[in-house]
Every structure is written in C-alpha cells, then in structure tokens.
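See structure below.
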Amino acid sequence: MSRLIFGTLYPAYYSYKAVKSKDIKEYVKWMMYWIIFALFTTAETFTDIFLCWFPFYYELKIAFVAWLLSPYTKGSSLLYRKFVHPTLSSKEKEIDDCLVQAKDRSYDALVHYGKRGLNVAATAAVMAASKGQGALSERLRSFSMQDLSTIRGDGAPAPSGPPPPGSGRASGKHGQPKMSRSASESAGSSGTA
C-alpha cells in the first residue's frame, strides 16, 4: 500500500504539477523517474518470484522507491544518467527494429486471428440458424390436424373429406381427427344435393 502511494500516486501528482507549470526541468526529472520506475516494476515481477523469501525484501523495495524519489539522493536521476541512458543509446537502433517487427507481426496476427474469429462466428451463426430451422419444422410436423383447427379459431370449419392417401393413421395425436356422425351426414347430404 505504501509503495502504491509513494511509488505511483505521489509522483503522478507531481508529474501533473510539472505539466501544469510547463517547467522543463521538472518534466525531465519526472520522466527519468517514470522510466526507472517502469524498469523497476518489470524487474520486480521476476525478482518477487525468486527473492520473496529474503528477509526484509519488501521493506527494501519500499526503501528503494523512497531513494528514487528523494530530492536529496536523486536516485532516479542517478540511475538514469549512469545506466539507462547509455544502455538505451547504444541499443536504440536494435530496439527500434525489434519494435517495428513486433508491430508488423502483431498486426498480421491480429488480422489472421480476426479472420478466423469471424469465420468461427459465421459458422456458429449458420449452424444455429439451421438447427433452429430444423427445430421449427419438427415442431410444426408434430401438430395434428385437430391442433391446427383449434389454432384457426372456433368458428372455422374443421377440414372434411377422406384422409390423404398414404396416411394410414386413424386418429390420435398425429392422425386425422374422427368426424362426428352429424358432420359426416351433413357432408354426405351436401355432396348429393
């Protein structure tokens, strides 16, 4: 918690003040700090794994951040000028080339995986649509004629006439409904008249 406050929030506030006042000397001071702090945070990711057992390890990290921040020791300025700047200056061309290659590769990978992702999504959508259509047709096939006549409404006449050829089912859930005697008589008398 104290490292968060002293290592991040305090410098962030003073960086804001440097930007607000447009003081070049303060800009440079805080930029050096942030570069060193970024390197420290990166190194800390690995050292935490191997050195966390070391006595007073976390206290030493807090002391190091305080040393970086102190206006008396000017730790971040000292580390930047003695180690970081000379190293980055000598390796700048190689680092820039690696970054350009990594950017190109990441763009190509993004395009490649983006296309694959779109293909997977399109295939999933087509599969879902075809399964949905199959489920709908199965649901419609499961309706009997009586179910369909009740959907039409009470006033609509039920279909009359002989069952269609090939339909061997007499009655039940999937077959033709049996006609009542009065309905068959009225169908017969209307056919003879």
Side-chain angles (χ1 to χ4, degrees), residues 1-139 142:
M1 182 68 167
S2 60
R3 198 180 123 246
L4 174 69
I5 292 169
F6 292 114
T8 308
L9 296 178
Y10 173 81
Y13 179 71
Y14 277 96
S15 298
Y16 154 76
K17 288 184 74 86
V19 169
K20 185 178 176 188
S21 68
K22 298 178 183 170
D23 184 1
I24 300 299
K25 187 177 178 183
E26 287 295 306
Y27 274 176
V28 172
K29 172 185 159 185
W30 289 111
M31 285 304 294
M32 285 190 272
Y33 171 78
W34 286 115
I35 291 168
I36 296 297
F37 189 75
L39 293 171
F40 166 68
T41 304
T42 304
E44 172 185 46
T45 304
F46 300 106
T47 59
D48 281 355
I49 296 169
F50 301 110
L51 298 176
C52 65
W53 58 268
F54 193 76
F56 303 110
Y57 172 70
Y58 294 102
E59 291 80 2
L60 288 171
K61 287 191 331 183
I62 292 169
F64 179 71
V65 170
W67 178 76
L68 289 176
L69 284 171
S70 174
Y72 302 109
T73 60
K74 298 180 181 174
S76 59
S77 176
L78 178 73
L79 287 177
Y80 180 82
R81 292 177 198 276
K82 292 281 185 186
F83 300 106
V84 175
H85 185 77
T87 304
L88 290 178
S89 292
S90 67
K91 305 284 184 188
E92 189 172 0
K93 176 87 171 100
E94 291 90 359
I95 293 170
D96 287 342
D97 290 343
C98 285
L99 289 175
V100 167
Q101 289 175 2
K103 189 167 84 172
D104 291 343
R105 282 194 303 257
S106 66
Y107 177 76
D108 292 341
L110 180 68
V111 169
H112 173 72
Y113 289 114
K115 284 180 181 178
R116 285 185 63 187
L118 287 174
N119 286 341
V120 167
T123 302
V126 167
M127 293 294 286
S130 67
K131 285 182 180 179
Q133 184 180 11
L136 178 63
S137 65
E138 286 298 316
R139 179 80 176 145
S142 72

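Remember, predicted model here, so these are calculated numbers, not experimental data. Just so it is clear, the values below take in all heavy atoms, side chains as well, and ignore hydrogens, waters and symmetry mates.
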Handout entry: Distance (rounded to the nearest 0.5 Å) between Ile49 CD1 and Thr45 OG1
Key = 8.0 Å

Exercise for the section: State, with a plain yes or no, whether a side-chain heavy atom of Phe83 is found less than 4.5 Å away from one of Ile36. Expected result: no

Exercise for the section: Please answer whether the main-chain N or O of Lys103 pairs with a side-chain N or O of Ser106 as donor and acceptor at a distance below 3.5 Å. Expected result: yes

Practice task
Taking the side chain as every heavy atom from C-beta outward, state whether Lys61 and Asp48 have any pair of such atoms under 4.5 Å apart.
Solution key: yes

Completion exercise
Residues Pro86 and Tyr80: closest non-hydrogen pair is CD-O, 4.0 Å

Handout entry: Pairwise side-chain contact, Trp30 with Val19, heavy-atom cut-off 4.5 Å (strictly under)
Key = no

Completion exercise
Interatomic distance, CG@Leu69 vs NZ@Lys29, rounded to 0.5 Å, equals 8.5 Å

Handout entry: Any Ile95 side-chain heavy atom under 4.5 Å of Leu88 side chain
Key = yes

Handout entry: Enclosure of Phe64 CZ (heavy-atom neighbours >12, cutoff 6.0 Å)
Key = yes

Exercise for the section: Kindly compute the distance separating CG (Asn119) from CZ (Arg116), expressed to the nearest 0.5 Å. Expected result: 9.0 Å

Exercise for the section: Compare every heavy atom of Glu44 with every heavy atom of Tyr57, then report the nearest pair and how far apart it is. Expected result: OH-O, 4.4 Å

Exercise for the section: Name the orientation class of the two ring planes belonging to Trp34 and Phe37 (parallel below 30°, tilted from 30 to 60°, perpendicular beyond 60°). Expected result: perpendicular

Exercise for the section: Determine whether more than 12 heavy atoms belonging to other residues, nucleotides or ligands lie under 6.0 Å from atom OH of Tyr58. Expected result: yes

Completion exercise
Residues Ser76 and Tyr33: closest non-hydrogen pair is CB-CA, 3.6 Å

Practice task
Determine yes or no for a side-chain-to-main-chain donor-acceptor pair under 3.5 angstrom, with Ser70 supplying the side chain and Ala66 the backbone.
Solution key: no

Handout entry: Any side-chain heavy-atom pair of Met32 and Arg81 under 4.5 Å
Key = yes

Completion exercise
To the nearest 0.5 Å, atom OG of Ser77 lies from atom NE2 of His85 at 11.5 Å

Practice task
Measure across Lys22 and Tyr27 and return the closest heavy-atom pair with its distance rounded to 0.1 Å.
Solution key: CA-OH, 4.0 Å

